[in-house]
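Single-structure report; data block below.
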Number of protein chains: 2
Amino acid sequence: MVTEAAHKRLVQFQIKPSLQRIAVMNYLLNNRTHPTVDEIYSHLAKEIPTLSKTTVYNTLKLLVDQGAVLLLNIDKNTQHFDGDVAPHAHFRCIECGRIVDLPQPRVSKINVTGVGELQITECQVYYKGYCADCRNAKIQA
Amino acid sequence: MVTEAAHKRLVQFQIKPSLQRIAVMNYLLNNRTHPTVDEIYSHLAKEIPTLSKTTVYNTLKLLVDQGAVLLLNIDKNTQHFDGDVAPHAHFRCIECGRIVDLPQPRVSKINVTGVGELQITECQVYYKGYCADCRNAKIQA
DNA sequence: CTTTGTGCAAATTCTTTGCACCAAA
DNA sequence: TTTGGTGCAAAGAATTTGCACAAAG
């Protein structure tokens, strides 16, 4: 498997590249579906049978803390993760739950005046609604 | 206590105005701090000793489903609720956790082209960073 | 009555923690 | 050998569910 990019990303964010960490990072880089902990674990467990969900949690926490990965709270129940840390918005379909990226250019890491001086370090824009598939399904029904 | 506004809001969104529902809605209208279920429950339990947390959950779910209240997922662990359903952004301080409103004008309920046709029904913008107080505290430390 | 709301307790789910073992430097 | 990573099992926390009782029409 090709894991150079994952390895590089880890090193870049000062994370020691263990087998498991590379696997998680690699999964996130190759699967831009904003997977949950469970999805990541389920897939990787096939390749790494000894893998523990705790390790996936540990690794994701580390990745998020170091800024190598984005944590999305768009879903009420579960955390979703995004290997793309560049500024962009998200859209979540109310019907099927899929989360897609929106290439929305927007400001980030800026100072906003108003309620005192807020030092913005992160900005996440969440849209919800119906994706094309579900919308069509609704119309036909 | 003044609860006309709360009562009106419930009726407006076709929710039968029970004592508990009015109390929850009223609390949200008078406390723009984006409280959690627990905060709402704790405060209301003083006025209504028989109040159950389940009822608070039930009520909030109903309010959110009917669109009378906004559910925020800005916080990883807990749900926050907002009685202000008009479009606006939120800022959450990384340090103290407080969530404040940002009077940010933005588009909502629009159609976006790109990943098929997305029918947007809701948009939440989340900023994170340091509020004035915590920023000052950091500087002095 | 009949329907709807309330609230207790138990169950569920996601996530974290404590601790022991393993691996690399 | 010392540090850091992994993984199992248990704990924890937020939320949901099942069900019985109470209230309103």
Side-chain angles (χ1 to χ4, degrees), chain A residues 3 6-7 10-11 13-27 34-66 68-81 92 97 99, chain B residues 3 6-7 10-11 13-27 34-66 68-81 92 97 99:
Chain A
T3 55
H7 188 284
L10 295 182
V11 173
F13 286 89
Q14 304 174 39
I15 298 167
K16 283 195 184 169
S18 73
L19 174 74
Q20 291 84 343
R21 289 172 179 173
I22 293 173
V24 170
M25 189 69 247
N26 190 61
Y27 185 84
H34 315 84
T36 62
V37 171
D38 225 62
E39 286 166 349
I40 298 169
Y41 170 74
S42 308
H43 280 86
L44 295 185
K46 294 171 190 166
E47 307 167 18
I48 312 170
T50 62
L51 184 66
S52 150
K53 198 176 275 185
T54 303
T55 298
V56 178
Y57 272 106
N58 286 340
T59 301
L60 287 169
K61 188 182 187 322
L62 185 64
L63 291 171
V64 170
D65 286 351
Q66 296 299 314
V69 155
L70 220 57
L71 166 59
L72 311 184
N73 291 327
I74 194 171
D75 183 355
K76 205 177 74 169
N77 308 311
T78 327
Q79 305 182 347
H80 292 259
F81 296 88
R92 180 170 190 274
I99 299 171
Chain B
T3 56
H7 188 283
L10 294 182
V11 173
F13 286 90
Q14 304 174 40
I15 298 167
K16 284 194 184 170
S18 74
L19 174 74
Q20 291 85 342
R21 289 171 179 173
I22 293 173
V24 170
M25 189 69 248
N26 190 60
Y27 186 84
H34 314 84
T36 63
V37 171
D38 226 62
E39 287 164 351
I40 297 169
Y41 169 75
S42 306
H43 280 87
L44 295 184
K46 294 171 190 166
E47 306 168 18
I48 312 171
T50 62
L51 184 66
S52 151
K53 199 177 274 186
T54 302
T55 298
V56 178
Y57 271 106
N58 286 341
T59 301
L60 286 169
K61 189 183 187 322
L62 184 64
L63 291 172
V64 170
D65 286 350
Q66 297 298 315
V69 155
L70 219 57
L71 166 60
L72 311 185
N73 291 328
I74 194 170
D75 184 354
K76 205 177 72 170
N77 309 310
T78 326
Q79 306 181 347
H80 292 259
F81 296 88
R92 179 171 191 273
I99 299 171

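Here is the naming used below: chain letters follow the sequence lines, and residue numbers restart at 1 for every chain.
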Open item on the list: Walk me through whether A:L63 and A:D65 qualify under side-chain contact (heavy atoms from CB on, under 4.5 Å).
Closed with: CA-CA 6 Å; A:L63 291 171; A:D65 286 351; over 6 Å; no
Open item on the list: Taking the ring of B:F81 and the ring of B:H34, is the distance between their centroids below 6.0 Å?
Closed with: no
Task: 5' priority, DNA chain D, between A:K76 and A:K16 [closest heavy atom] - done: A:K16
Open item on the list: Both A:N77 and A:N58 contact DNA chain C. Taking the nearest nucleotide for each, which residue is further toward the 5' end?
Closed with: A:N77
TODO: Find the distance between CG (B:L62) and CD (B:Q14) and round it off to the nearest 0.5 Å.
DONE: 11.0 Å
Task: Among D:dT15, C:dG5, C:dT15, the one nearest B:R21 by side-chain distance - done: C:dG5
Task: Under 4.0 angstrom between A:T36 side-chain N/O and C:dC14 OP1 or OP2 - done: no
Task: Out of D:dG7, D:dT6, C:dT15, whichever nucleotide has its closest atom nearest the side chain of A:S52 - done: D:dG7
Task: Nucleotide D:dT16, atom C1' - distance to CG of B:D65 in whole Å - done: 14 Å
TODO: For B:T50, answer base if it contacts any base atom (sugar-phosphate contacts may also be present), sugar-phosphate if it contacts only those atoms, and nothing otherwise; contact means non-hydrogen atoms under 4.0 Å.
DONE: sugar-phosphate
Task: Point-to-point distance, once rounded to the nearest 0.5 Å, from CZ of B:R21 to OG1 of B:T55 - done: 9.5 Å
- [ ] Starting at atom CG of B:L63, determine the distance to atom P of C:dG5, rounded to an integer number of angstrom.
- [x] 12 Å
Task: Contact under 4.0 Å: B:Q20 side-chain N or O vs C:dG5 OP1/OP2 - done: no
Open item on the list: Using whole Å, what does the distance between atom P of nucleotide D:dC8 and atom CD1 of A:I48 come to?
Closed with: 13 Å
TODO: Please tell me which of the listed nucleotides, D:dA14, C:dT15, C:dT6, lies nearest to the side chain of B:T78?
DONE: D:dA14
TODO: Rounded to the nearest 0.5 Å, what's the gap from OH on B:Y41 to NZ on B:K46? Could you check?
DONE: 12.0 Å
Open item on the list: Pick the closest DNA chain C nucleotide for A:K53 and for B:T55 by heavy atoms, then say which residue is nearer the 5' end.
Closed with: B:T55
Open item on the list: Without decimals, in angstroms, what is the distance between A:L19 CG and C:dC22 C1'?
Closed with: 14 Å
Task: Nucleotide C:dT15, atom C1' - distance to CG of A:N73 in whole Å - done: 13 Å
TODO: Please report, rounded to the nearest Å, how far the P atom of D:dG4 is from the CD atom of A:Q66.
DONE: 14 Å
Open item on the list: Is it the case that the base of D:dC8 and the side chain of A:T54 share a donor-acceptor contact (distance under 3.5 Å, atom types as modelled)?
Closed with: yes
Task: Atom-to-atom span, OH of A:Y57 to P of C:dG18 - whole angstrom - done: 17 Å
TODO: Figure out the CD1/C1' separation between B:I40 and D:dT15, and round it to whole Å.
DONE: 14 Å
